[in-house]
Amino acid sequence: MKQTVLLLGATGETGGSILDGLLADPNSFHVEALVRPSSAKKPEVKKLSERGVKIRLADIGGALDDLVEALAGADVLISAIDAGGQLAQLQLATAAKQAGVQRFVPCAFITIAPPGGVMALRDSKEQVYQHIRKLCLPYTIIDVGYWHQLSVPALPSGRGDYAAPLKPRADIHAGGTAPTMLGDLRDIGRYVALIIKDARTLNKYVATYSDVLSENEIFALVEEMSGEKIARNYESADDIMAARAQFAALAESEPQNTFARMMGYVTDYNYSKYVRGDNTPAYAAYLGYLDAQELYPNVQPRNFRAFVAEVLDGKAEKPYKGR
């Protein structure tokens, strides 16, 4: 029986991957998109309609009754909302419960980290997760490692620069020895499509990834494949923690400072991945995550070596290219 899946954030990077994964399985899913009325006439929303995606209009910060009505009939609700909008999901979850949604997938889709002062972004998500559990709303939380698309260091020739959303750097953090889970942006949707029709994942956390590599291993692989020697910039654990404290203080004193908030996210990631070493399958298992590689052994995710080959061949696609 087909599930009606309603996707919030379908025009974003993660949401776009999820949309692709759902549309690739038309026998399992009827796919619709939840869009703000103010965005209804945007070209990217028109493209959704052209792909056969039904558009539902709703302001998730508006009247609760209107939002409940907009969610009616959805079996699964998936949120791929932007980083700054996490707490808007509190009302979204309340509406989903009242509308009878059978599974809510809130916006997780980050690296593995515990709640409680390690990553500000993770802590805002935790507020949503706790609200979901208070509602007794069926859920699945999916985290995805760190994108391949953000993990290729800068080459002296600049040949990979075209594929990076920001000018790539060649930084080694805290010695470069901490293993970290990596995954391709394009595979997020493939996994989500499997996870949301799997009874084993209901009311569970799931981790998806393709590789577990340290920064030293990443740099060595890219040097081997490119034939170029990368000049490394070394950032110590103390440097990472100092930068993290600096941006956290700035964001607290200037709540509207978007740059401080975004740099706070960056330094939190560095602290969690490279100083604490959180983003590993072992720590995910400790926190209670199911491992997507164990759940779906026949799925072959795109590995990091294959992605680097795409970059070097000039065939990679730059994320956030519209920004």
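When reading the values below, keep in mind they use all heavy atoms of this one structure, side chains included, and skip hydrogens, waters and symmetry mates. Each residue takes its place number in the sequence, starting with 1.
- A 6.0 Å sphere centred on CD of E50 holds more than 12 heavy atoms belonging to other residues, nucleotides or ligands.
- Taking the centre and axis of the six-membered ring of Y289, the NZ or CZ atom of K204 falls outside the cone set by 45° and 6.0 Å.
- Between the side chain of K318 and the backbone N or O of Y162, no donor-acceptor pair lies under 3.5 Å.
- Checking side-chain atoms of R261 against main-chain N and O of A248 turns up no donor-acceptor pair under 3.5 Å.
- Within 6.0 Å of CD in E228 there are more than 12 heavy atoms belonging to other residues, nucleotides or ligands.
- Within the 4.5 Å cutoff, side-chain heavy atoms of H131 are placed close to those of T94.
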Go through K315 and E310 one step at a time and tell me if the salt bridge (charged side-chain N to carboxylate O under 4.0 Å, His left out) criterion holds. CA-CA 5 Å; K315 297 177 180 178; E310 286 184 47; over 6 Å; no
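- With rounding to the nearest 0.5 angstrom, the CG atom of N233 is 9.5 Å from the NE2 atom of H173.
- With a 6.0 Å radius and a threshold of 12 heavy atoms from other residues, nucleotides or ligands, Y286 has its OH atom at or below the threshold.
- V45 and S39 get closest at one heavy-atom pair: CG2-O, 3.2 Å.
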Candidate pair H148 and D211, rule side chain to side chain contact (heavy atoms under 4.5 Å, CB included), full reasoning: CA-CA 9 Å; H148 295 340; D211 304 74; 3.6 Å; yes
For a salt bridge (charged side-chain N to carboxylate O under 4.0 Å, His left out) check, start with the C-alpha distance between R244 and D268, then their side-chain angles and the critical distance, and finish with the verdict. CA-CA 6 Å; R244 181 171 175 263; D268 279 352; 2.8 Å; yes
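- Judged by distance alone, with hydrogens and angles left aside, the side-chain atoms of N216 form a donor-acceptor pair with the main-chain N or O of G175 at under 3.5 Å.
- A pairwise comparison of heavy atoms in K229 and P156 identifies O-CG, 3.2 Å as the closest pair.
- Other residues, nucleotides and ligands contribute more than 12 heavy atoms inside 6.0 Å of the CD atom of E254.
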Could you go through E215 and K273, starting from their C-alpha distance and side-chain angles, then the distance that decides it, and tell me whether this counts as salt bridge (charged side-chain N to carboxylate O under 4.0 Å, His left out)? CA-CA 10 Å; E215 284 188 307; K273 290 190 298 176; over 6 Å; no
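- Taking CG of N303 as the start and OH of Y209 as the end, the distance is 13.5 Å to the nearest 0.5 Å.
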Walk me through it: do K2 and D75 pass the test salt bridge (charged side-chain N to carboxylate O under 4.0 Å, His left out)? CA-CA 9 Å; K2 276 191 180 185; D75 299 309; over 6 Å; no
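- Separation of atoms CG (L121) and CE (M262) is listed at 8.5 Å; rounding is to 0.5 Å.
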What's the verdict on side chain to side chain contact (heavy atoms under 4.5 Å, CB included) for R186 and Q149, showing C-alpha distance, side-chain angles and the deciding distance? CA-CA 10 Å; R186 294 165 293 182; Q149 286 78 0; 4.0 Å; yes
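- Counting heavy atoms from C-beta outward, V35 and T11 have side chains that stay 4.5 Å or more apart.
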What's the verdict on side chain to side chain contact (heavy atoms under 4.5 Å, CB included) for D59 and L67, showing C-alpha distance, side-chain angles and the deciding distance? CA-CA 7 Å; D59 180 357; L67 187 55; over 6 Å; no
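- R56 places no side-chain N or O within donor-acceptor distance of the main-chain N or O of K54, the cut-off being under 3.5 Å.
- Using modelled atom types, one finds no donor on one side chain facing an acceptor on the other under 3.5 Å when comparing N279 with T111.
- With values rounded to the nearest 0.5 angstrom, D25 atom CG is found 12.5 Å from R190 atom CZ.
- Counting only distance, with no hydrogens or angles, the side chain of Q293 and the backbone of T208 share no donor-acceptor pair below 3.5 Å.
- Salt bridge status for R169 with E235: absent, with no side-chain N to carboxylate O gap under 4.0 Å.
- Here the shortest heavy-atom pairing between S79 and F104 reads CB-CE1, 4.1 Å.
- Although no hydrogens or angles enter the test, the distance criterion places a donor-acceptor pair under 3.5 Å between the side chain of D123 and the main chain of G117.
- Distance CD1/I81 to SG/C107: 7.5 Å, rounded to 0.5 Å.
- Put simply, CZ on F259 and CG on L250 are 8.5 Å apart, with the number rounded to the nearest 0.5 Å.
- The residues D20 and R51 are annotated as salt-bridged, a charged nitrogen and a carboxylate oxygen being separated by less than 4.0 angstrom.
- Between Y320 and E13, the shortest heavy-atom distance links the atoms N-OE2, 2.9 Å.
- Note on L182: it does not cluster hydrophobically with V212, by side-chain heavy-atom contacts below 4.5 Å among ILVMFWY residues.
- Looking at heavy atoms from C-beta onward, V76 lies out of side-chain contact with V101 at the 4.5 angstrom threshold.
- Counting heavy atoms from C-beta on, the side chains of V144 and I110 never come closer than 4.5 Å.
- Transitive grouping of hydrophobic side chains (ILVMFWY, heavy atoms separated by less than 4.5 Å) brings M119 and M241 into a common cluster.
- The backbone N or O of L295 sits less than 3.5 Å from a side-chain atom of R200, completing a donor-acceptor pair.
- Side-chain contact between R302 and F307 is absent, with no heavy-atom pair separated by less than 4.5 Å.
- Remark: the backbone N or O of P301 is not paired with any side-chain donor or acceptor of D187 at under 3.5 angstrom.
- For the pair W147 and D184, the minimum side-chain heavy-atom distance is 4.5 Å or more.
- The two atoms that bring A70 and L6 nearest to each other are O-CD2, 4.2 Å, heavy atoms only.
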What's the verdict on side chain to side chain contact (heavy atoms under 4.5 Å, CB included) for Q3 and H30, showing C-alpha distance, side-chain angles and the deciding distance? CA-CA 6 Å; Q3 293 179 309; H30 173 70; over 6 Å; no
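- Enclosure of atom CD in Q130 by more than 12 non-hydrogen atoms of other residues, nucleotides or ligands within 6.0 angstrom is indicated.
- The shortest distance between side-chain heavy atoms of I78 and V192 falls below 4.5 Å.
- Screening K125, Q127, E126 against Q86 for a side chain to side chain donor-acceptor pair (under 3.5 Å) leaves a single residue, K125.
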If you apply the rule ring pair (Phe, Tyr, Trp, His ring centres under 6.0 Å), what do you find for Y269 with Y146, and how did you get there? CA-CA 9 Å; Y269 269 111; Y146 202 65; 5.7 Å; yes
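- A 4.5 Å side-chain heavy-atom check between P114 and D278 finds at least one atom pair inside the cut-off.
- Within a 6.0 Å sphere centred on CZ of R36, other residues, nucleotides and ligands contribute 12 heavy atoms or fewer.
- Using modelled atom types and a 3.5 Å distance limit, the side chains of T267 and N270 yield no donor-acceptor pair.
- Between A10 and L48, the shortest heavy-atom contact is CB-CD1, 4.0 Å.
- Ring geometry for Y205 versus Y129: interplanar angle over 60°, hence perpendicular rather than tilted (30 to 60°).
- Counting only distance, with no hydrogens or angles, the side chain of E32 and the backbone of V5 share no donor-acceptor pair below 3.5 Å.
- Without hydrogens or angle criteria, E217 side chain to S214 main chain gives a donor-acceptor distance under 3.5 Å.
- In this structure, a donor-acceptor pair under 3.5 Å is present between the side chains of R103 and T201.
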